[in-house]
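If you're wondering where the values come from, they're calculated on a predicted model, not measured in any experiment. Only this structure's heavy atoms are used, side chains among them; waters, hydrogens and symmetry mates stay out. Positions are given from 1 along the sequence.
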Amino acid sequence: MSEVKLRLLSELFYERNAANHEILSKHNRPYLVLIVLYRGLTFAIPFRSNIHHTHAYKFQDESSKRTSSGLDFSKSVIIQNEDEIGDAAHIDSAERKELLKRYEFIVEKFQRYVDDFIAGLKKEPLPAKYKFSALTYYKEILLR
């Protein structure tokens, strides 16, 4: 199993990606992300407390504090410089336990999402299910 990296995104990331309106951001509250390497790229998958769609991994553990929390693949971003990754971060202990137990499954599910998303990018128009994905901002990078 690869190292599980939980981080915050840096202020530099938000400054450099200000034009991407699908990125999750709240004033003075950076989002916690899981860092995943795939296709030679560094992806940051944000944790969210309320996910109401299927492009995600939702925590299943009954002891999790939130009922629809998980990793939102549709709001994933690409990290282009190491200084865009911020400090280490922590999550709820039940969610951390599940993340460690299901890590390989989660990464494989995310990789399928990325592959399907790239296939969707090659279609005109972009399939509606990807319309609000933060990855649309990285179209040129993903189609290389």
side-chain hydrogen bond (donor to acceptor under 3.5 Å, both in side chains) contacts in which one or both residues fall within residues 33-47, not counting sequence neighbours:
Tyr38-Asp115, Arg39-Asp115

Considering only heavy atoms from C-beta outward, does the side chain of Leu6 approach that of Ile35 to under 4.5 Å?
no

Ignoring hydrogens, what is the shortest heavy-atom contact between Tyr137 and Asn20? Give both atom names and the distance.
CB-ND2, 3.0 Å

Find the distance between CG (Asp72) and NE2 (His53) and round it off to the nearest 0.5 Å.
3.5 Å

Restricting to side-chain hydrogen bond (donor to acceptor under 3.5 Å, both in side chains), what partner residues turn up for Tyr138, sequence neighbours left out?
Asn17

Over all atoms of both residues, closest heavy-atom pair of Lys109 and Ala56:
NZ-O, 2.7 Å

Value rounded to 0.5 Å, distance of CG in Leu37 from NZ in Lys5:
7.0 Å

Identify each donor-acceptor pair in which a side-chain atom of residues 117-133 lies under 3.5 Å from a protein atom, sequence neighbours left out, and give them as a table.
from	atom 1	to	atom 2	distance (Å)
Ser133	OG	Ser74	O	3.3
Ser133	OG	Tyr113	OH	3.2
Ser133	OG	Leu135	N	3.1

Is any side-chain heavy atom of Gln80 closer than 4.5 Å to one of Ile141?
yes

Find the distance between CZ (Arg48) and CZ (Phe73) and round it off to the nearest 0.5 Å.
13.0 Å

Any heavy-atom pair between the side chains of Phe13 and Asn81 that's under 4.5 Å?
no

Pairing donors with acceptors under 3.5 angstrom, does anything connect the side chains of Thr136 and Glu22?
no

side-chain contact (heavy atoms from CB on, under 4.5 Å) for Phe47 and Phe59? Distances and angles first, verdict last.
CA-CA 10 Å; Phe47 286 81; Phe59 289 112; 3.8 Å; yes

Before giving the answer on side-chain contact (heavy atoms from CB on, under 4.5 Å), spell out for Leu142 and Leu41 the whole-Å C-alpha distance, their side-chain angles and the decisive distance to 0.1 Å.
CA-CA 9 Å; Leu142 290 168; Leu41 299 168; 3.9 Å; yes

Spatial distance of atom OG (Ser76) from atom CD1 (Ile23) [nearest 0.5 Å]:
11.0 Å

Using a 4.5 Å cut-off on heavy atoms from C-beta on, say whether the side chain of Ile85 contacts that of Leu8.
no

Begin from the C-alpha positions of Ile51 and Leu71 and carry the test side-chain contact (heavy atoms from CB on, under 4.5 Å) through to its verdict.
CA-CA 8 Å; Ile51 302 172; Leu71 291 153; 5.9 Å; no

Between CD1 on residue Ile45 and CG on residue Leu32, distance to nearest 0.5 Å
11.5 Å

Tell me yes or no: between the side chains of Tyr57 and Glu98, is some donor less than 3.5 Å from an acceptor?
yes

So CG of Asp87 and NE2 of His90: to nearest 0.5 Å the spacing works out to 9.5 Å

Run the side-chain contact (heavy atoms from CB on, under 4.5 Å) check on Ile78 and Phe43 step by step: do they pass?
CA-CA 5 Å; Ile78 295 176; Phe43 291 89; 3.7 Å; yes

Gln60 side chain vs Lys58 backbone, donor-acceptor pair below 3.5 Å
yes

Between Asp83 and Leu12, is there a donor-acceptor pair closer than 3.5 Å when you use the side chain of the first and the backbone of the second?
no

